[in-house]
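Note that this is a predicted model, so its numbers are computed, not measured. Values reported hereafter were calculated over all heavy atoms of this structure, with side chains retained and with hydrogens, waters and symmetry mates removed. Below, chain A is the first sequence line, B the second, and so on; all start at residue 1.
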Number of protein chains: 2
Amino acid sequence: MDRVFHGLADATRRDIVEQVLSREQSVSTLARRYDMSFAAVQKHVAVLERARLVTKQRRGREQIVRGNPDVLRRAVHLLDAYERIWRDRARAIDDILAEDIDTERTAQ
Amino acid sequence: MDRVFHGLADATRRDIVEQVLSREQSVSTLARRYDMSFAAVQKHVAVLERARLVTKQRRGREQIVRGNPDVLRRAVHLLDAYERIWRDRARAIDDILAEDIDTERTAQ
DNA sequence: CTGACGTACAACCACGCGGTTGTACGTTAG
DNA sequence: CTAACGTACAACCGCGTGGTTGTACGTCAG
């Protein structure tokens with residue numbers, strides 16, 4: 001997960017993920033989109049590959065990059081779990097408040 | 001967003017987020033949970049604070065840390081958008097395949 | 001008042017990141 | 001065959017990160 005979030009923690013890399021999710025493309029095709037060297041883009045792709053956010057596959061002399069929605073989903077589920085913790089806590093607080101009001105009313 | 005994902009790209013920080021989402025606590029209370037110096041935990045909290053994943057509020061001599069579910073939700077939405085790109089593409093491919101089969105059938 | 005506690009911050013270190021340039025190698029086009 | 005293309009990789013640089021220790025300061029308890 002460290003690698004996944006680190007992969008997403010860069011605007012260029014998030015854009016690459018978006019690109020290859022909608023259409024698989026070679027590293028050099030991707031590189032042309034960004035105002036930086038080919039090697040830099042290559043490194044970004046490598047970071048995404050280590051995080052399994054993206055896979056590479058040779059096709060002739062080109063290396064085709066595709067997005068991997070599974071890892072993306074795992075990240076969403078983790079964050080959803082955090083949100084659930086929050087909601088559960090909020091519900092518990094509401095319950096206590098409701099109980100307090102009840103107690104108050106009974107005490108009167 | 002860079003800061004948000006960078007904030008989440010560390011196991012200790014993700015644990016801190018989880019902790020303070022379920023129960024707000026002081027920095028030193030948090031620090032006791034981890035096998036590192038107080039200053040290190042302080043820095044992790046600072047990273048989370050810069051990403052707005054967490055807020056701090058003074059209470060006497062303590063600094064109370066709370067989770068911020070809003071930023072978490074924005075991250076989830078972004079990743080959901082990526083997934084949607086994928087699903088849309090998959091649907092488009094399915095449509096084309098269906099059309100091909102149709103064409104094939106008609107041609108026979 | 002005094003001491004312990006919680007915090008803040010600076011200095012330092014090793015390491016990794018994001019970027020560059022340069023070089024080398026396999027593959028395809030002409 | 002040769003040239004151009006796509007890729008891989010190493011070396012380098014500046015900077016930020018994750019960790020440490022040390023010092024200082026406000027606040028609370030006894």
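Mapping B:T29 and A:A40 onto DNA chain C by nearest heavy atom places B:T29 closer to the 5' end of the strand.
Within 6.0 Å of CZ in B:R59 there are 12 or fewer heavy atoms belonging to other residues, nucleotides or ligands.
Contact annotation for A:T12: no contact, since no heavy-atom pair falls under 4.0 Å across all strands. Here B:A31 lies out of heavy-atom contact (under 4.0 Å) with every strand. Residue contacts shown for A:R59 are absent, as no nucleic acid heavy atom lies under 4.0 Å away. Across all strands, A:S37 comes closer than 4.0 Å to base atoms (heavy-atom distances).
Side-chain N/O atoms of B:Q42 include one lying less than 4.0 angstrom from OP1 or OP2 on C:dA8. OP1 or OP2 of C:dT7 has at least one side-chain nitrogen or oxygen of B:S28 nearer than 4.0 Å. Considering only side-chain N and O atoms, A:R61 lies nowhere under 4.0 angstrom from the phosphate OP1 or OP2 of D:dA4. The side chain of B:Q63 contributes an N or O atom lying less than 4.0 Å from OP1 or OP2 of C:dA8. The side chain of A:H6 places an N or O atom within less than 4.0 Å of a non-bridging phosphate oxygen (OP1 or OP2) of C:dG18. Listed pair A:R13 / C:dG18 meets the phosphate criterion, a side-chain N or O lying under 4.0 Å from OP1 or OP2. When the side-chain nitrogen and oxygen atoms of A:K56 are compared with OP1 and OP2 of D:dG6, none of them lie within a distance under 4.0 Å. OP1 or OP2 of C:dG6 lies within a sub-4.0 Å distance of a side-chain N or O belonging to B:R32.
Per the geometry, NE2 belonging to B:H44 stands 17 Å off C1' belonging to C:dT7, to the nearest Å. Atom CG in B:L8 sits roughly 16 Å away from atom C1' in D:dT17 (whole-Å rounding). For the pair B:E62 CD and D:dT27 C1', the interatomic distance rounds to 11 Å; values are reported in whole Å. Here D:dT20 presents its C1' atom at 13 Å from CG of B:D35, a figure rounded to the nearest Å. Going from atom CG of B:D2 over to atom C1' of D:dG16 covers 14 Å, rounded to whole Å. Look at CZ on B:F5: it is 19 Å from C1' on C:dC17, rounded to the nearest Å. For the pair A:L30 CG and D:dA8 P, the computed distance is 13 Å after rounding to whole Å. A straight line from CZ of A:R14 to C1' of C:dG18 spans 15 Å, rounded to a whole angstrom.
With C:dT7, D:dG19, D:dT7 as the choices, the nucleotide that has an atom nearest any side-chain atom of A:F38 turns out to be D:dT7. The B:R58 side chain lies nearest to C:dT7 when the options are D:dT7, C:dC17, C:dT7.
Applying the side chain to side chain donor-acceptor pair (under 3.5 Å) test to pairs two or more places apart or on separate chains, those with a residue in residues 78-88 of chain A are A:E83-B:R73.
Looking only at side-chain heavy atoms (C-beta outward), B:D2 and A:R14 come within less than 4.5 Å of each other.
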Quiz item: Are B:R89 and A:E24 close enough, and set up right, to give a salt bridge (charged side-chain N to carboxylate O under 4.0 Å, His left out), and what steps lead you there?
Solution: CA-CA 11 Å; B:R89 182 195 161 202; A:E24 59 194 35; 3.6 Å; yes

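A pairwise comparison of heavy atoms in A:V27 and A:V41 identifies O-CG1, 4.4 Å as the closest pair.
There is a path of hydrophobic side-chain contacts, each under 4.5 Å, that joins A:M1 to B:V71.
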